[in-house]
Amino acid sequence: MGSRVLLVGSGAREHAVAWKLRRSPHVDEIFVAPGNAGTAQLAENLPYQPKHIDELVRAAHDHGIDLYLATTDDPQPLGLVDRLREAGVACYGPTAAAAELEASKAWAKGFMERHGIPTAAARTFDRYEDAAAHLEASNERPVVVKASGLAAGKGAIVCNDTYEGLNALDIIMRRRDFGSAGDTVVIEERLDGWETSAHAFCDGKTARMMPFTTDYKRAQDGDIGLNTGGMGAYSPSREMTGELEREIQRDVVGRTIEGMAEEGRPFNGTLFPGLMVTPSGVRVLEFNARMGDPEAQVLMPRLQSDLFEITRAAADGELASVDVAWSDEAAVGVVLASGGYPATYKVAYVIEGLEDVDDDVLVFHAGTKQDQRGIVTSGGRVLTVVARGPTVEDARAKAYENVRRIDFADVYYRTDIAAP
Ligand code: AMP
Ligand code: GLY
């Protein structure tokens, strides 16, 4: 009998992972909680939210789940993997102790210091007054002020000077825009360079690198405007070199896996360090303990091996025994969002043209649902349109050609994803 896999989340990332799992002969059924109109076409959606751990544990039991594959950040720090493992369910994802790497930027900074993992110089503060005094004494140096906890990718504020730093501190610690995620702040030096997302499958002792991807976090063309969850991505990252790849594998991913095991928190699941390549070398900006969104949407179509075999083996600490092969083709993903995102926007608009895209183009759903009128918008990020091609340029041209065939009221997307 085939296996039954549980995913938690409702983004295009979860749709992309479900799409890839569907291609595995080992997978019988996929359940996505809560999912969206896209996952409903390949899987059974379950009406449970990522933070409702008791309900998810019960659902795993009721549906006879064999593997939980962690994609989104929220459930792990709340102990979903610990609870499911206790109940005998195989898990590809970090325990609460290992998820600390993402859930607490303050803890992650200390960890990186202990293990010589290159990162921006930083200080951590629990009290507003101490953080403000540190900024006042910083001599107008540009800084980044970060809420330590989980803030949906929006908790880092990049500042040019002390005035902006104090303002950011106010937003995080006094206005409390990120709630308790802002109880502790990390203030770090602002770095210059180019960014890339590293991903690795991990089983606690072995890490297998995925290709590098470039993500576009700001809302508008030219990387201006508000921070979003991600407006597009492409892979492979253009500027990446073999030498840099080896350095990242050794000094970042390798040291992290070893360090976590040494500290009694072996890291299982997808390790995703966000990196800045500066003139003086690679620096970790943050650790994520799950796949990126929209990074997963361009990675899954490039994965040639069986995702179920990889993650099932990793769940058992046997990642070294499986094949992980990637296509040489490039992939470009463009996010179609509701106009106004990430601030206020309207939903419930009918999406037209989904059947007009090319057969080899993938449309992964995020904020969508089915109603009597058809598939309608239900969130800020609505779809990720992904095209593949021999080069990033080819994939980019094909992605945009197909993006233009899809329409809904107030549709918004960046026009410079993967532009040279
Ligand atoms: P984070 O949530 O920590 O990944 O930060 C979100 C975004 O803020 C990153 O993708 C960068 O663009 C920017 N950022 C974070 N830390 C720094 C830093 N130390 N220097 C410059 N930019 C940063
Ligand atoms: N695209 C960045 C993230 O998923 O955090």
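For ligands, and for the atoms within them, numbers begin at 1 and follow the listed sequence. Please read these numbers as outputs of a predicted model, since none were measured by experiment.
No option in K398, R404, R405 other than R405 meets the salt bridge (Lys or Arg N to Asp or Glu O under 4.0 Å) test with E401.
Counting heavy atoms closer than 4.0 Å to ligand 1, residue E286 contributes side-chain atoms (C-beta onward) but none from N, CA, C or O. Both the backbone and the side chain of L285 come within 4.0 Å of ligand 1, judged by heavy-atom distances. Contact annotation: for R283 versus ligand 1, there are no heavy atoms closer than 4.0 Å.
When atom types are taken as modelled, the side chain of S235 and the backbone of F212 share a donor-acceptor pair closer than 3.5 angstrom. For the pair T278 (side chain) and G281 (backbone), a donor-acceptor distance under 3.5 Å is present.
Near R190, meaning under 4.0 Å from one of its heavy atoms, ligand 1 places the atoms 20 (N), 21 (C). Contact atoms of ligand 1 toward E188: 16 (N), 17 (C), 18 (C), 19 (N) (distance under 4.0 Å to a heavy atom of the residue). Of all the atoms in ligand 2, the ones that sit under 4.0 Å from a non-hydrogen atom of G229 are 1 (N). Listed by number with element, the atoms of ligand 1 under 4.0 Å from a non-hydrogen atom of K146 are 3 (O), 15 (C), 16 (N). Those atoms of ligand 2 that come under 4.0 Å of a heavy atom in G292, given as number and element, are 4 (O). The contact set between ligand 2 and D215, taken as ligand atoms under 4.0 Å from a residue heavy atom, comprises 1 (N), 2 (C). Every atom of ligand 1 with a heavy atom of M276 under 4.0 Å away is listed here by number and element: 21 (C), 22 (N). Near K217, meaning under 4.0 Å from one of its heavy atoms, ligand 1 places the atoms 10 (O).
Among R290, E102, R13, Q297, the residue whose heavy atom lies nearest to atom 5 (O) of ligand 2 is R290. In the candidate list V144, L275, V186, V144 is nearest to atom 23 (C) of ligand 1, counting heavy atoms.
Ligand 1 has a nitrogen or oxygen under 3.5 angstrom from a nitrogen or oxygen of K105. Taking any N or O of E295, backbone or side chain, at least one lies under 3.5 Å from an N or O belonging to ligand 2. Annotation: A120 places no N or O atom under 3.5 Å from an N or O atom of ligand 1; distance criterion only. Remark: ligand 2 and D293 share an N or O pair separated by less than 3.5 Å (distance only, no angle test). By the 3.5 Å distance cut-off applied to N or O atoms, E195 is counted among the residues near ligand 1.
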Where do F364 and L383 land on the side chain to side chain contact (heavy atoms under 4.5 Å, CB included) test, with the steps shown first? CA-CA 6 Å; F364 296 124; L383 303 167; over 6 Å; no

Dump the intermediate steps for side chain to side chain donor-acceptor pair (under 3.5 Å) on D203 and N268, then the final yes or no. CA-CA 4 Å; D203 71 354; N268 189 295; over 6 Å; no

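Relative to the six-membered ring of Y128, R174 meets both conditions, a distance below 6.0 Å and an angle of at most 45° to the axis. The cationic atom of R13 (NZ for Lys, CZ for Arg) does not lie both less than 6.0 Å from the six-membered ring centre of W19 and within 45° of the ring axis.
V376 has its side chain out of reach of T368: every pair of non-hydrogen atoms, C-beta onward, lies at least 4.5 Å apart.
Aromatic ring pairs are classed by plane angle as parallel below 30°, tilted from 30° to 60° and perpendicular above 60°; the pair W107 and F111 is parallel. The aromatic rings of F272 and H199 sit parallel to each other, their planes meeting at less than 30°, with 60° as the upper class boundary.
Side chain to side chain, S10 and N36 fail the donor-acceptor criterion of an N or O pair below 3.5 Å.
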